[in-house]
*Asks:* 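Quick one: the structure is below, questions incoming.
Every chain is numbered from 1 and lettered A, B, ... according to where its sequence line falls, protein lines coming before strand lines.
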Amino acid sequence: MDLTTLFQQLINGLSLGSLYALIAIGYTMVYGILRLINFAHGDLLMVGAYVGVMGVGMFAWPWPAAFGLAVVLTGLMGVLLERGAYRPLRQAPRISLLISAIAASFLLENLALVIFGGRPKPFPAPPVFTGVFSLGGVFIPRLSLLIPALTALFLSLLFLMVYRTRAGRAMRAIAYDLETVSLMGVNINRIIALTFLLGSLLAGAGGLLWAMKYPQVNPFMGILPGLKAFIAAVLGGIGNLAGAVLGGLLLGLLEIMIVSLFPDWAGYRDALAFGLLIIILLARPTGLLGEALGEEKL
Amino acid sequence: MKKAWLNLAALAALALILGAAGQWANEYQVRLLNNMAIYITLAVGYNLINGVCGQLHLGPNAFITLGAYTAALLTLTPPEKAQLFFLTPLQWPLSEISLPFPLALLAGGVVAACFGVITGFPVFRVRGDYLAIITLGFGEVVRVLANNLQGLTNGPMGLKGLYPYTNLWWSWGVAAAAVVLVISLVNSSYGRAMRAIREDETAARAMGIDSFRLLMLAYVLSAFIFGVGGGLLAHLITTISPSLFTFFLTFNLLIIIVVGGLGSTTGAVMAAAVFTMAGEWLRVVEEPAVIGGINIPGVPGLRMVIFSLALLLAILFFRRGLLGRREFSWDACGRFLARLRNLKLET
Amino acid sequence: MAFLQVENLGMRFGGLLALEDFNLEVPEGGLYGLIGPNGAGKTTVFNLISGFLKPTEGRALLQGQDIIGWPPHRIAVLGIARTFQNIRLFGELSVLDNVLTGGHCRGRAAWWEAAGRLPRYRREEKERLARAWALLEDVGLADAALEPAGKLPYGHQRRLEIARALATQPRFLLLDEPAAGLNPQETLDLMDFLKDAQERYRLAMLVIEHNLRLVMGLCQHLTVLDHGLTLAQGAPREVRRNPAVIKAYLGK
Ligand SMILES: Nc1ncnc2c1ncn2[C@@H]1O[C@H](COP(=O)(O)OP(=O)(O)OP(=O)(O)O)[C@@H](O)[C@H]1O
Ligand SMILES: [Mg+2]
């Protein structure tokens, strides 16, 4: 592989990794607080993408309006999900909560199938996001650069929010010890809803970017990116925001690199992430940056 | 003793019904009955690890795929295989072997069980959400393998033209055997220990229960049942491909055991039967229909919307399912009849 | 040789030294007590001996055999049973099933013998049932045998947990605050029951308890912990007069 291709692949991996990171943040935030894999998180990607398609394609709105609406609606969908499927079960056995998450995920996918049909829809990417850059003779799709840049922007906003505001502090406190915080008179439900909102907003943005990168939208498009982003979150250390970003970038780069170095293995790409997950859980269950999540005290 | 007679009578009744169905049922009804038996088999196996042991295993489809492929590769004759594998020839010993159906079914179960033994070690290093996502990964990994190991699976084209060996006797025979095996295990000291692990694994370990070994036992047994069920399924539909056994199949099994009451074996049996019927009735909503002169186009996906809603509502509001953790038993049946009789006497 | 000999046991959680240089020798059939203020490290001692935690230092010998590093279930099979401070019953199983579960580890029949109801399994299950009923009679829960354990009143749950631990046929029983939440009469009954059980089964016991009347009346030997350190060890009377102990108890 020559240097040019290597460079292109690096950028490619970086942009895929950024998308994983954007989605992984939502998993890690929810897991940090509720110790729950939000199985439906990947499907929020699909919700964002469909709203985008509707806005830009069907109603021919200006893209900033359509995209803004897509992100906001996805955020609200996340909050609705928490209200409807998770909150009623917070005291129930964990297995019920997980099953509820799976049911919610299937419900979203099949509702999309009923509403939009099973045929993949092309995503009409606005011109701002298309085209190629030429960097010293290397051609790079503009989107591949925009994705990491936008991800960096969103994540900075999120980190500001989590580390510099009162609500963010409460969020971190709950992740550390839910019971004590609830005794201190903090409105837990509000903070949990806020966590879902933030994670889902990012998923909405991720969905739009994903749909432009692989320019089509279908009801089941969120499943695989969702699973991989979750694995990225585990790789980085679940519950740890910076870990989710690191894990996402690593997984993205790894996938792209392996496929470009060993083209014969391309067919196994989707199994790679799960192999990685098993290795992490065996070798270092806390992930790269994570600390042991408070084990149950006897 | 009296109960043993009742159980035997129930089996005899089942045999009679099957004999009658073989005589008079039409092809569609027979197919439905076969489906029902296979769902019962799979659900009973799934309930063992998921409901009784309380571990959210999300990979039955992986084991079903393994069983289906193994059994199919073994019943096909060498010339049929040569014809199917025209791109990449089938690996040597398999290309020459051809086994009778029962042996092939058994081999499907054994291969799936071996996969269970190998994967069990990493799986039971973790619990809860992690266990769920790892096992979910198996389905994905097995699908990828089935797509890529051309010389073993014929890749995306899959295997066609299997002989439809699965008849009512085979499917219901296997279902009855699975139900008897699981019920008698669950009602033994081993089943009690498994339920103890579900309730509180730490306390169970303090009582000297080797939770890893028991979970492994349930997991491998369920894998075996999935494998055999997969073999039956393959020889019922006669065409299999990697995309056939998706997470969707696991989801259906999950609905069945939740609605049947997680942990209740007899509940799983009843729910599997109801689910198969409901699936057929609900087919209507996905097919175009004319009601009162108005053309109503079929809505693909609506059936699954209804099923996911059912699962969501069941887990939110009826967490105990149809039977809860209770089991159908002759005693309970007798009590119920006695109550009915008393009611009649009073009125 | 002591029945259980604990040497130089130490446990560190991150920066917190929960237990330091803990030594204890329990003879066969000994009734020993472990007391100390909240957070002293008492439960940690139990978790170390029963295999739920691995100590950062030291060893624990059961009849000369080092059991540190063994998984909890093997330690239980060796004959050390325990209860939990915050009662951990199998809530949805019946009272009887809870006790039967304690007897599972003594069965030798394999799973297929159990599933096939073969003779060896049938014999073992019969014995298990007989023993479980006897235990339930002993703790006075035979009437509630078929109720779910989670539905029992608190005091009964404590007794059931002890019965379940006894069903594993231990030689050494660890009781973590068995009288917590019991009323005075229940506490007295419990004391009688424990003394009786100790004699009947030739059982050694280590009891954590805040109720000083109970430990003083029950135990031959006390160990007092505070902040992970052993303040005093010896016969109850001596320990009670120890100035360091008085200070630790009255100083807060
Ligand atoms: N698994 C654990 N991880 C971290 N710290 C722990 C753990 N278990 C116990 N500790 C800490 O070790 C110290 C001793 O705890 P331990 O439970 O042994 O006290 P105790 O004497 O049983 O107190 P109590 O009377 O309240 O039950 C406490 O400060 C506790 O917070
Ligand atoms: Mg304690």
Side-chain angles (χ1 to χ4, degrees), chain B residues 1 3-4 7 48 51-54 124 177-222 224-225 261-265 319-320 324-327 331, chain C residues 46-47 50-52 71-84 86-94 96-107 109-118 121-122 124-125 128-129 132 148-150 161 164-170 174 176:
Chain B
M1 270 304 89
K3 268 178 227 161
N7 287 335
L48 178 63
V52 177
C53 297
F124 292 115
V179 170
V180 169
L181 171 71
V182 169
I183 286 189
S184 49
L185 184 68
V186 167
N187 288 338
S188 78
S189 174
Y190 281 82
R192 219 157 31 221
M194 286 170 184
R195 278 177 284 151
I197 293 172
R198 174 189 74 205
E199 296 292 308
D200 188 334
E201 188 175 346
T202 297
R205 279 154 58 88
M207 293 304 110
I209 289 170
D210 187 346
S211 57
F212 176 81
R213 268 185 60 181
L214 275 162
L215 291 178
M216 199 71 168
L217 169 64
Y219 178 70
V220 172
L221 259 177
S222 73
F224 180 81
I225 296 176
L262 279 175
S264 164
T265 308
R319 219 178 312 139
R320 295 292 148 103
R325 293 230 156 99
R326 270 169 301 159
E327 296 284 351
D331 288 342
Chain C
F46 273 26
N47 288 340
S50 57
F52 284 98
H73 61 90
R74 285 191 58 196
I75 293 181
V77 171
L78 265 190
I80 300 185
R82 68 172 289 179
T83 63
F84 294 89
N86 48 339
I87 309 181
R88 306 184 73 138
L89 291 169
F90 309 124
E92 291 204 4
L93 302 197
S94 73
L96 178 64
D97 276 351
N98 268 270
V99 181
L100 285 170
T101 304
H104 177 74
C105 70
R106 295 293 165 207
W111 68 269
W112 47 271
E113 292 177 82
R117 301 285 187 276
L118 299 188
Y121 170 77
R122 286 228 293 261
E124 284 176 3
E125 181 74 357
R128 226 183 336 254
L129 258 174
E161 215 194 5
R164 185 182 67 177
L166 285 174
T168 66
Q169 303 179 31
L174 305 169
D176 201 342

*Asks:* What distance do B:R213 atom CZ and C:H73 atom NE2 have between them, rounded to the nearest 0.5 Å?
*Replies:*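 One gets 9.0 Å once the value is rounded to the nearest 0.5 Å.
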*Asks:* Let me know if C:R106 has heavy atoms under 4.5 Å from chain B in its side chain, its backbone, both or neither.
*Replies:*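 Neither part.
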*Asks:* Kindly give the heavy-atom pair with the smallest separation between B:S189 and C:Y121, and that separation in Å.
*Replies:*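 What the structure gives for the nearest pair is N-OH, 2.9 Å.
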*Asks:* So what's closer than 4.5 Å to chain C heavy atoms on B:L221: side chain, backbone, both or neither?
*Replies:*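 When you check distances to chain C, only side chain atoms of B:L221 fall under 4.5 Å.
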*Asks:* Over all heavy atoms of both residues, which pair between C:R128 and B:R192 is shortest? Give the atoms and the distance, please.
*Replies:*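 Heavy atoms of C:R128 and B:R192 come nearest at NE-NH2, 3.8 Å.
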*Asks:* Who among C:L100, C:T168, C:N98, C:I75 has the most heavy-atom pairs with chain B under 4.5 Å?
*Replies:*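 Most heavy-atom pairs under 4.5 Å with chain B: C:L100.
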*Asks:* How far does OG of B:S184 sit from CH2 of C:W111, to the nearest 0.5 angstrom?
*Replies:*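 Between atom OG of B:S184 and atom CH2 of C:W111 there are 9.5 Å.
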*Asks:* So which part of C:S50 gets closer than 4.5 Å to some heavy atom of chain B, the side chain, the backbone, both or neither?
*Replies:*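 For C:S50, there is no contact with chain B at all, as no heavy atom is under 4.5 Å.
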*Asks:* Determine yes or no for a side-chain-to-main-chain donor-acceptor pair under 3.5 angstrom, with C:E125 supplying the side chain and B:S188 the backbone.
*Replies:*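 Not confirmed, C:E125 side chain does not pair with B:S188 backbone.
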*Asks:* Might you point out which heavy atoms bring C:A115 and B:L181 nearest each other, and give the distance in Å?
*Replies:*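 Nearest pair, atom of C:A115 first, then B:L181: CB-CD1, 4.3 Å.
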*Asks:* Can you name the closest pair of heavy atoms from B:G208 and C:C105 and give their distance?
*Replies:*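 Smallest interatomic distance, heavy atoms only, reads O-CB, 3.3 Å.
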*Asks:* Check whether C:A109 gets within reach of chain B through its side chain, its backbone, both or neither, counting any heavy atom under 4.5 Å.
*Replies:*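 Contact with chain B is through the backbone of C:A109 alone.
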*Asks:* Taking atom CD1 of C:I87 and atom CG of B:D200, what is their separation to the nearest 0.5 Å?
*Replies:*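 It comes to 12.0 Å.
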*Asks:* Heavy-atom distance under 4.5 Å between the side chains of C:H104 and B:M207, does that happen here?
*Replies:*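 Of all side-chain heavy-atom pairs linking B:M207 with C:H104, none is under 4.5 Å.
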*Asks:* Should we say atom CZ of C:R117 is surrounded by more than 12 heavy atoms from elsewhere, each under 6.0 Å from it?
*Replies:*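 Yes.
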*Asks:* Does any heavy atom of chain C fall under 4.5 Å from the side chain of B:L217, the backbone, both, or neither of them?
*Replies:*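 Answer is side chain: those atoms of B:L217 sit under 4.5 Å from chain C.
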*Asks:* Rounded at 0.5 Å granularity, tell me how far CZ in C:F90 sits from CD1 in B:I197.
*Replies:*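 That separation rounds to 8.5 Å.
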*Asks:* Quick check for you: among B:G191, B:A203, B:S211, which has the greatest number of heavy-atom pairs under 4.5 Å with chain C?
*Replies:*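 Highest number of pairs under 4.5 Å: B:A203.
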